[in-house]
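Single-structure report; data block below.
Sequence lines set the chain letters: A, B, ... in the order given, protein chains first and strands last, and positions in each chain run from 1.
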2 protein chains.
Amino acid sequence: MAMQMFSRSLPMMLYSTLDAVMPRFRKIFNEFGLTEQQWRVLRVLWEAENVSFHELASITLIPAPSLVGVIDRLSQSALVERRRSETDRRKVFVHATKKGNELESRVRPRVVRVYAELQASIDTEVWEQLMAGFDQVIATCQPAESNTNQKNTTDI
Amino acid sequence: MAMQMFSRSLPMMLYSTLDAVMPRFRKIFNEFGLTEQQWRVLRVLWEAENVSFHELASITLIPAPSLVGVIDRLSQSALVERRRSETDRRKVFVHATKKGNELESRVRPRVVRVYAELQASIDTEVWEQLMAGFDQVIATCQPAESNTNQKNTTDI
DNA sequence: ATTATTTAATTAATATGTTAATTATTCACA
DNA sequence: TGTGAATAATTAACATATTAATTAAATAAT
């Protein structure tokens, strides 16, 4: 059946792997009333204290238009706050509230544990080759636009 | 900066790789008024002629509730048609129309070409190790539910 | 200094993802 | 043979993705 070629294409394998891996994490997030994207934002803010909207979009891989809504909902839950830059009124900084920071000690250990189990179940060599493969594909496709609304200066 | 650990986690690397790879394909799809998901459905129907809704969800990795809308819109564009099974009135089969089939010769060569370029730019060994890594991760996470609304009988 | 350009965040419109519930059939079995 | 459980597709409600357009502020060039 020639359909196997399609199912084993790089994009479909990437989607399959995500479908295999993510449900167990989303289950944890949902226990704390968080979505996957909300988790990603908090995960970054727990380490960086104060991050610009642009950086946040870039690091979390959440497209800017989506991130607006994600932060809106995190704000309404009083987990993060926006703060406009004083030096450049266009920029917005985001930081976790006390309530947002308190979530870390409850959620993160659960996630770390599941992630450790996952990694432990994969041969170290296979894991490293997987990462090397990602790096090569990403490097090859380079400055092809990421979805964070950055300009593409390569193919104009 | 400890943020690198997060950015190099398996899920984030999967998302990064998709962000690097997919835009060039979506650009082609959009030229023909297709979304990525519509492409996937057609890609399957061009080879299989007549596929059940359930199989379609499973092969395209489109969650059943999303697939309903995808097929609705493909139907309105007269590219596919639904057909209820006579033997089991619950089941729905989907097939491409003449118009839908005629798209193949125009779209698919463009996609095949870009895909070949992508694959050619990656070392064969790296590519194979990447696929092997996917297989191992997927096998490890096994019957953990895929998002096609199938029942999970492992952790009840 | 003024205007054109660029940048940062946002809005808008539409499509899809996620999770739970629903409806219509079919199946198993008392 | 009728009734409850299981299955297939769908709907519902909400969140996010995609693409293009918009708004506000800062910069560059005149």
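DNA chain C is contacted by no residue of residues 35-43 of chain A, taking any non-hydrogen atom closer than 4.0 Å.
Checked by atom type and distance alone, the side chain of B:Ser58 never pairs as donor or acceptor with a backbone atom of B:His54 at under 3.5 Å. Counting only distance, with no hydrogens or angles, the side chain of B:Ser77 and the backbone of B:Leu79 share no donor-acceptor pair below 3.5 Å. Of the possible polar contacts, none joining the B:Ser52 side chain to the B:Val92 backbone as a donor-acceptor pair under 3.5 Å is found.
Note that NZ of A:Lys91 and CD of A:Glu55 are 8.5 Å apart. Values are rounded to the nearest 0.5 Å.
Considering only heavy atoms from C-beta on, A:Val107 stays 4.5 Å or farther from A:Leu42 through its side chain.
Rounded to an integer number of Å, the gap from CG of A:Leu67 to P of D:dA15 is 15 Å. One atom, CE of A:Met22, and another, P of C:dT18, lie 9 Å apart when rounded to the nearest Å. Straight-line distance from the CG atom of A:Asp72 to the P atom of D:dA15: 11 Å, rounded to whole Å. Distance CZ (B:Phe53) to P (D:dA8): 12 Å, rounded to an integer number of Å. Between B:Gln76 atom CD and C:dT14 atom C1' there is a gap of 13 Å when expressed in whole angstrom units. Taking atom CD of residue B:Glu31 and atom P of nucleotide D:dT19, one finds them 13 Å apart after rounding to whole Å. Atom NZ of A:Lys27 and atom P of C:dT19 are 9 Å apart (whole Å). Between the CG atom of B:Leu18 and the P atom of D:dA17 there is a distance of 12 Å, given to the nearest Å.
Ion pairing between a basic and an acidic side chain is recognised when a charged N comes within 4.0 Å of a carboxylate O; A:Arg83 and A:Glu49 show no such pairing. The pair A:Glu36-A:Arg40 meets the salt-bridge criterion, with a side-chain N (NZ, NE, NH1 or NH2) lying under 4.0 Å from an Asp/Glu carboxylate O. The pair B:Arg113-B:Glu117 meets the salt-bridge criterion, since a charged nitrogen lies less than 4.0 angstrom from a carboxylate oxygen.
Checking D:dA20, D:dT11, C:dA9 against every side-chain atom of A:Lys91, the shortest atom distance belongs to C:dA9.
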Collect all protein-nucleotide pairs involving nucleotides 22-26 of chain D in which both atoms are nitrogen or oxygen and the distance is under 3.5 Å.
unit_1: D:dA26; atom_1: OP1; unit_2: A:Arg89; atom_2: N; d: 3.0
unit_1: D:dA26; atom_1: O4'; unit_2: A:Arg90; atom_2: NE; d: 3.4

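Of the residues near DNA chain C, A:Arg84 and B:Tyr15, the one whose nearest nucleotide (by heavy atom distance) lies more toward the 5' end is A:Arg84. Two residues, A:Val68 and A:Arg26, neighbour DNA chain C, and the one matched to the more 5' nucleotide by heavy-atom proximity is A:Val68.
Residue A:Arg82 places none of its side-chain N or O atoms closer than 4.0 Å to OP1 or OP2 of C:dA9. In this model, the phosphate group of C:dT19 is approached by a side-chain N or O of A:Asn30 to a distance below 4.0 Å at OP1 or OP2.
Each salt bridge (Lys or Arg N to Asp or Glu O under 4.0 Å) pair with one or both residues in residues 122-137 of chain A, not counting sequence neighbours, appears once here: A:Asp135-B:Arg8.
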